[in-house]
Amino acid sequence: MELIELKNKICESFTGTTDELNHVLTLVSQDRSVFPFNEYEHLILSLIALGGLTYNQYLEIRTEYISENPYLWIFEISAPTTFGKFAQTYAQGKSPALKIPSKKIDANFSNEYDLWLDGIKIEVKASRAVNAESTDPLYVKALSRNTKQPFLMNFQQLKPQCCNVFIWVAVFRDEIVVWVMSASEVLGNPLFSKGQHRGNSGNEGQLHITHDNIHTLNQYELKDANIEQTIREAAKRNVHK
DNA sequence: GAAGACACTTTAAGAGCGGA
DNA sequence: TCCGCTCTTAAAGTGTCTTC
């Protein structure tokens, strides 16, 4: 449930007159609030004060919103490194066979990949789906998987030559989507653009996933829980060993 | 001129290391 | 062991280029 749907739900639940509702909506839209106050508590309390919304209705809407946005908290992570760490932990949590790499496991390891599975080097990348046209904070512009809003998830600093398999974690407010693909599949993807950083000689690229092209990754989506098997199969497809 | 794609910068925080 | 500094990492944000 995105914010616009929440607002619609609140308005639909209001049993007062249209004039009363429009008056409150105008009032709220012109209001300026700061944490911990916000336009939604203002809207709800105003409608309750008018007698057109009950406390129980508010609780029902609140419960529904919370249950339909289980991953909204991830959009409150402000630091890129913390979010990246979340993605790595999330991926690793899907199988105990996935190990954090170290020189003990791989003598040549120098932080160039994130996870290890019996010799398979795995790079974990993550991005959050947010409204591309909004400048609001991430947790405000967070989108759901079936969104109609435009979004741009930029998987960047991709180095296919440093790993065998990529795990991409795409976070929506209601769902986390995982794509597993081989390094060569990333390198050969028509959306992959080489040479993100100046002087990189084209060995670091990025790939832009938008509302228009996200369907092209359907074939790589982790549908079942067996990430270990999916990674092994992806590694077999990797032609750049 | 607008929109989309691409290239690059910024920002926040973790890791590592040396000195007190 | 703690503190502070530097380096590294990662994704969000933004500027620029390209195409229509």
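Sequence lines set the chain letters: A, B, ... in the order given, protein chains first and strands last, and positions in each chain run from 1.
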Checklist entry - Is there a donor N/O on one and an acceptor N/O on the other, under 3.5 Å, for the side chain of Q156(A) and the base of dA12(C)? => result yes

With sugar-phosphate meaning primed atoms plus P, OP1 and OP2, does [X] contact a base, only sugar-phosphate, or nothing at under 4.0 Å between heavy atoms?
X       : answer
D114(A) : sugar-phosphate
T82(A)  : sugar-phosphate
A87(A)  : nothing
K125(A) : sugar-phosphate

Check the distance between [N]'s [atom2] and [X]'s [atom1] and give it to me in whole angstrom.
X       : N       : atom1 : atom2 : result
K85(A)  : dA12(B) : NZ    : C1'   : 16 Å
I209(A) : dA5(B)  : CD1   : P     : 11 Å
F83(A)  : dG14(B) : CZ    : C1'   : 17 Å
F86(A)  : dG14(B) : CZ    : C1'   : 18 Å
F151(A) : dA11(C) : CZ    : C1'   : 17 Å
Y113(A) : dA10(C) : OH    : P     : 13 Å
L207(A) : dA7(B)  : CG    : P     : 12 Å
E76(A)  : dA11(C) : CD    : P     : 19 Å

Checklist entry - Within less than 4.0 Å of OP1 or OP2 of dA11(C), is there a side-chain N or O belonging to R128(A)? => result no

Item to check | Geometric class of the W168(A)/F155(A) ring pair [parallel <30°, tilted 30-60°, perpendicular >60°] | outcome: parallel

Next on the checklist: Would you call the rings of Y58(A) and Y55(A) parallel, tilted or perpendicular, taking 30° and 60° as the class edges?
Outcome noted: tilted

Next on the checklist: Is it the case that the side chain of N226(A) and the backbone of Q229(A) share a donor-acceptor pair, with hydrogens and angles ignored and the cut-off at 3.5 Å?
Outcome noted: yes

Name the closest nucleotide to the [X] side chain, picking from [options].
X       : options                  : value
Q157(A) : dA13(B), dA11(C), dC8(B) : dA11(C)
L138(A) : dA11(C), dG13(C), dC6(B) : dG13(C)
T81(A)  : dT9(B), dA12(B), dC8(B)  : dA12(B)

Checklist entry - Quick one: are V169(A) and V124(A) in side-chain contact, heavy atoms under 4.5 Å? => result yes

Checklist entry - Regarding Q57(A) and S13(A), is there a side-chain donor-to-acceptor distance under 3.5 Å anywhere? => result no

